[in-house]
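Quick notes on the structure that follows.
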Amino acid sequence: MAEAVPAAARRRAVALRREIARHDRLYYVLDRPEVPDAAYDALMRELAELERKHPSLADANSPTRRVGGLPREGFETVRHALPMRSLENAVGKEELAAWHERVVKGLAGMTPALVVEPKLDGLAISLRYEGGRFVRGATRGDGDTGEDVTANLRTVRGLPLELEGDFPKVLEVRGEVYMARSDFRRLNAQREKAGEPCFANPRNAAAGAVRQLDSSITASRRLALAAYGLGEVAGGKVPGTQSGLLAWLKSLGFPTAGHAARCAGLDEAWMQCETLREARDDLPFDVDGAVVKVDDHGLWEALGATSRAPRWAVALKFPPEQVMTRLLSIEVQVGRTGVLTPVAVLEPVLCAGVTVRHATLHNAEQIEAKGVLLGDWIILQRAGDVIPEVVGAVESRRTGGEKPFRMPKTCPVCGSGVVKDPELIKPRCPNASCPAQLEGGLLHFAKRDAMDLAGLGDKLAHQVVAKGLVKDAADLYELTLEQWVGLDRMAEKSAANLVAQLERSRTPTLGRFLYALGIRQVGERTGKDLAEHFGSMEKLMAADEEALQKVPDVGPAVAASVRGWFAEPHNRRLVERLLERIRPQAESKRAAEGPLAGMTVVFTGAMILPRAEAKALAEAAGARVGDSVSRKTSLVVAGADAGAKLETAKRLEVKVVDEKGFLGLLGR
Ligand code: IVH
């Protein structure tokens, strides 16, 4: 029998929850906190203590649950009651005007009022409330079905768990989950300290956090929410305009992005977009454009939608952000294959929300083509995911002290004379035991799709090479726990993890092993193809170029690269030494039968099914999974927002199905 909770305790819990929700709202929605953090924490502690003492007071929507719960196996899928569409893009004033012209035409000549909102760069989600209680949160997925991420979204502090005021019985609110730039910087700083890879941008960090199976990790990432739209509504009224909707959502307790403006027509809307663009650096979050919407929802129906996007809104994309900074010097890095790459060392500068210190310059020819000199003021550009790029020099700011850059004639790491690779036309260090190549080779060997040694990061690889502990990848298997622990900043637990990972990696699939060797032009896919075709290392090593070209997608260049690699005595020696410690396992043969037997399938676009699972399903059904679309491709599975690969498939008249169609083919 459930224990009886004293009425006073129950009343206190209710009061505490209400009080905490009020402070959350003051903080996250109204940006007007009333109490110091310590007072807020005290309320939380009191509530947590009450719930611990009286377990039957527990409630999934209690603010104490915002810290997340137990990890789950996977996410359930959710069918959206109304599809979650995407937006048509426009770049520049002309394309915005073209969209506007279509709107006016669709409204028989009427020019409607518009609303301009910032386009937050995060993850679209749908939040369902029943009777004012948060009951489910889902990702967009393919627009029709998404993933149930309720437990994760509950940890988002700004998300109201109980609504305030007058709300419909069923209310679905749509918006964006994002990470503020300050939280992003804090997260990356922490990850760097812990030796973990950093996120490229706040959007990736937010998307990663929302799709965590362990909601306590989501909780620790501090996500934010901005509401901007509606899904299903039943049993109540909602405002009839976009500007009214934003104000109403705020009154119910939802944070909005702010900076929205109602505009009389196209010119005013364009000016508002320009204002937003100029302000983007000062906003606390990343925006990749502005969304222009027809204000009156009554007109939305008349305008309608395509299967992909509504006609009543458009996303005006901002051009990549550019900033000016000084080029302090150019460092030359030596990669895994010995190629020398010049890297710009910059006066640190904030660009698109991230502090940039380095930018690749690709090669000496590019530096010359861009006319960049050492000491120059340069223009730097960063668009979304893209690695920062040096656009060119600001010649008007030259003082005369700037100097041209020359590629070194010797390797900056080992001093060997640099050679120009005739094939790649790139300068290369020819010394196979150059520490830089060795380090790069170890990191490649450790990659997740290769030997999967997550504990071996760049700092460790550098140390083991610099200390002379490791002369090739095989030596990794000889180091003892004590030796690992003896390295700088290596805790016992991390060392033990790495040793365990190394042990586990002793029986890789042959395909992974081949990929891990780092043979030029042998990626993950080709490694697997070679493994399936030859079945053993011995057979592969004995194959000549002709035999190699019998493998799917292996042409003369790949065949020559593979032969060339095995022809080098030190490479053969490495393979021998590795095989004394590692037993590659024959690739599990693809099913010769099955609904996709003999087919080559390529996946593109966003799918609900994780890509690894989709690949495994296709392979189990007899298919080979390819990376790129060619005439040899039998089937393209296109998810949401598929791009170039889908275009190619259409051009080559390759059969295309969507995710549902794909599952249908498998009889699922
Ligand atoms: S309205 C029918 N408003 O942009 C689609 N979307 O490129 C209605 N986004 O999937 C979307 N800020 O994730 C809308 N103020 C805003 C937005 C916004 C960001 C995202 C959203 C959408 C994507 C489309």
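One-based numbering along the sequence shown. Whatever order the structure lists ligands and atoms in, that order sets their numbers, starting from 1.
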Short N or O contacts of ligand 1 with protein, under 3.5 Å, listed by atom name?
| unit_1 | atom_1 | unit_2 | atom_2 | d |
| --- | --- | --- | --- | --- |
| ligand 1 | 3 (N) | Lys293 | NZ | 3.0 |
| ligand 1 | 4 (O) | Lys119 | NZ | 3.3 |
| ligand 1 | 7 (O) | Lys119 | NZ | 3.4 |
| ligand 1 | 12 (N) | Leu120 | N | 3.2 |
| ligand 1 | 13 (O) | Glu176 | OE1 | 2.6 |
| ligand 1 | 13 (O) | Glu176 | OE2 | 3.3 |
| ligand 1 | 13 (O) | Tyr228 | OH | 3.4 |
| ligand 1 | 15 (N) | Glu117 | OE1 | 2.7 |
| ligand 1 | 15 (N) | Pro118 | O | 3.4 |

Pairs involving residues 652-663, ordered by first then second residue, that meet side chain to side chain donor-acceptor pair (under 3.5 Å) (sequence neighbours left out): none
Residue pairs, two or more places apart or on separate chains, that pass side chain to side chain donor-acceptor pair (under 3.5 Å) and touch residues 246-262: Arg262-Asp295
Salt-bridge criterion met for Glu162 and Arg17 (N-O under 4.0 Å): no
Aromatic centroids of Phe662 and Phe603 separated by under 6.0 Å: yes
Nearest-0.5 Å distance that lies between atom CZ in Phe285 and atom CZ in Arg203: 15.5 Å
Set of residues satisfying ring pair (Phe, Tyr, Trp, His ring centres under 6.0 Å) with respect to Trp300, sequence neighbours excluded: His297, Trp312
